Amino acid sequence: MTDTQGGLRGWAAGRKGNLSRLRFTSLRLRLVVVFGLVALTAAVSASGIAYWLNREAVLTRAQDAVLRDFQQEMQNRAGALPVHPSQDELQHAAGQMAGSSQRFSVLLVAQDPSGGTVYGNSGGINGFALEDVPGSLRAAVNKRQKVTDSNQSPYHLYWQRVDNHGTPYLVAGTRLIGGGPTGYMAKSLEPEAKDLNSLAWSLGIATGLALIGSALLAQAAATTVLKPVHRLGVAARRLGEGRLDTRLRVSGTDELADLSRTFNNAAEALEKRVAEMAARDDASRRFVADMSHELRTPLTAITAVTEVLEEELDADAGSIDPMIEPAVRLVVSETRRLNDLVENLMEVTRFDAGTARLVLDDVDIADQITACIDARAWLDAVELDAERGTHARLDPRRLDVILANLIGNALKHGGSPVRVSVRMDDEEGADLVIAVRDHGPGIPEDVLPHVFDRFYKASASRPRSEGSGLGLSIALENAHIHGGEITAANSPDGGAVFTLRLPRDASQLTEESGEGTKNDEVGNSGKEGS
């Protein structure tokens, strides 16, 4: 039973797929429909015209032969009768007339010598009688015409097509000139009607075959036209996925071949352009990395000197000339800022090069946040709302960098107190959510989309700070390498809120991405966020 249900589901799915490919918006279906309508219109028109022409030709040919034979029989047989024939003479003449080559039924009407009306019937069609002749035809036959130069006969032959119980008949009548019987004839047109019905069926079958042929032709034409278009669509999707070496096979000299050549030229130009940009990007990253490494050597010496100067500043008064003390403090501050900038540039370079790796460990989140705050002497300015014993498998050093940047940014640009809260995202506790909220004026709406951009500073709303403009972007990259995210928003109660969302176990992400757990040096560890 299960196999049967599975087979039915598979059949239904396959049929649904076919129907979806033949949806009305499909170019293939529209081509087939248009071809079919054109073929149907042409076939019906041609069949209708052919049927009408053949019908008129068949009926006219049969009618002319019958009328010609009837007229000749009237002249030969009825014309040989006396002016006032008897019943037997009329009956005998009618029988002879009906035995002609056309085999029609005959009715003769005359007056006997006593002045009474007599009838002679050939006995066909259940006794062809005067009542079977339409009144309009009888009136026309008996009406005497005026003899003129253009009309030399007072009586003419008249005919009419009638239907008797579904069978078509040709009824004709005429009157002998100079006196004698009036003759009427009835001829069945059933053989001709059958021939015309056969012709109609043949034309209908031909129309159906033409419609089927047009549909097959449309299908073939659609396949011929749409196959290159389909290949072009597949190639465009592959190109959009980053496979810039995608090319189309070009054959022929038609418009589709020109389109394929244009696509290949565009793909080649795009590949060259992207290669040039990638080369420049690589060169730029190498330049930043090399520059950062080269700056570390002189910065090490300068930092040592500034530390000595800073100790002198903190010593008893008089060790530094009051006139140069502001300059010394500026040198110390800018040296520290330059050192942080170099470390941050090296960290950014690692992220751009894809060499940053996680070193995972089981971390107590509350202890980690407390250690981060304590190391930077923020205990008096930060409120922590986190339960002890909440563990996660993360990179503790990178988590420290994230927290330092978020809390430091809140203290610098927001307002105390800064509140840090920790919670689990769902019942299973699969995600860890850390929210950092300040009590400052908040972030302007035009600044929100750019707070994580590198080197971005809202100079219109914030004074110049010691930050490099890379701190939040580095925090975001560290969240991304964990498989997490950081969002910035304004709290309804005032102040800005940065929300860090991390998976509770980042080792699963590491295994899926195939990354190792190799340690690497990063800057900004143990430093205040910038």
Side-chain angles (χ1 to χ4, degrees), residues 54-113 115-147 151-197:
N54 280 276
R55 179 179 181 276
E56 291 300 317
V58 169
L59 293 178
T60 301
R61 184 170 59 251
Q63 172 183 294
D64 291 346
V66 171
L67 294 178
R68 186 168 52 249
D69 195 16
F70 174 64
Q71 192 171 22
Q72 185 176 359
E73 290 294 328
M74 283 291 295
Q75 292 175 357
N76 295 336
R77 304 289 183 182
L81 294 172
V83 178
H84 300 288
S86 64
Q87 173 74 34
D88 293 336
E89 289 175 335
L90 281 180
Q91 192 72 28
H92 179 70
Q96 288 181 329
M97 292 175 65
S100 68
S101 60
Q102 295 298 324
R103 300 293 180 184
F104 42 72
S105 299
V106 178
L107 173 66
L108 296 177
V109 182
Q111 289 184 343
D112 58 10
T117 303
V118 292
Y119 300 93
N121 194 316
S122 64
I125 61 169
N126 296 325
F128 182 42
L130 192 62
E131 291 78 11
D132 297 325
V133 180
S136 59
L137 180 61
R138 282 181 288 170
V141 169
N142 293 318
K143 183 179 181 180
R144 184 181 180 87
Q145 303 291 331
K146 185 178 180 181
V147 177
N151 181 29
Q152 298 180 0
S153 177
Y155 298 104
H156 296 277
L157 174 67
Y158 295 94
W159 59 270
Q160 186 174 346
R161 294 173 190 166
V162 298
D163 186 84
N164 186 12
H165 302 292
T167 302
Y169 283 90
L170 174 66
V171 180
T174 187
R175 188 169 181 174
L176 288 177
I177 301 173
T182 300
Y184 295 98
M185 176 274 301
K187 169 66 176 178
S188 173
L189 298 178
E190 186 175 4
E192 288 75 13
K194 290 181 178 180
D195 292 340
L196 291 175
N197 287 336

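Computed over heavy atoms, backbone and side chain alike; hydrogens, waters and symmetry mates excluded. The shown structure was predicted, so the numbers you read here are calculated from the model rather than taken from an experiment.
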For the [atom1] atom of [X] and the [atom2] atom of [Y], what is their distance to the nearest 0.5 Å?
| X | Y | atom1 | atom2 | value |
| --- | --- | --- | --- | --- |
| His92 | Leu81 | NE2 | CG | 9.0 Å |
| Glu192 | Leu170 | CD | CG | 9.5 Å |
| Glu190 | Leu196 | CD | CG | 12.5 Å |
| Tyr184 | Arg138 | OH | CZ | 7.0 Å |

Counting C-beta onward and ignoring hydrogens, is there a side-chain heavy-atom pair between [X] and [Y] closer than 4.5 Å?
| X | Y | answer |
| --- | --- | --- |
| Thr182 | Leu176 | no |
| Tyr169 | Arg161 | no |
| Tyr158 | Thr174 | no |
| Asn121 | Tyr119 | no |
| Gln75 | Glu73 | no |
| Trp159 | Gln63 | yes |
| Lys187 | Ser105 | no |

[X] and [Y]: which non-hydrogen atoms are nearest, and at how many Å?
| X | Y | value |
| --- | --- | --- |
| Met74 | Gly183 | CE-N, 3.6 Å |
| Phe104 | Phe70 | CZ-CA, 3.8 Å |
| Ala94 | Ser122 | O-CB, 3.7 Å |
| Val141 | Gly173 | CG2-O, 3.4 Å |

side-chain contact (heavy atoms from CB on, under 4.5 Å) between Met97 and Leu108, worked out = CA-CA 10 Å; Met97 292 175 65; Leu108 296 177; 4.1 Å; yes
Checking side-chain contact (heavy atoms from CB on, under 4.5 Å) against Pro181, which of Leu90, Leu107, Val118 comes through?
-> Leu90
Single hit among Val66, Val171, Leu157 for side-chain contact (heavy atoms from CB on, under 4.5 Å) with Met185 = Val66
Whether [X] side chain and [Y] backbone form a donor-acceptor pair below 3.5 Å:
| X | Y | value |
| --- | --- | --- |
| Glu89 | Ser86 | yes |
| Asp132 | Phe128 | no |
| Asp64 | Arg61 | no |

Determine, stepwise, if the pair Arg175 / His156 fulfils side-chain contact (heavy atoms from CB on, under 4.5 Å).
-> CA-CA 7 Å; Arg175 188 169 181 174; His156 296 277; over 6 Å; no
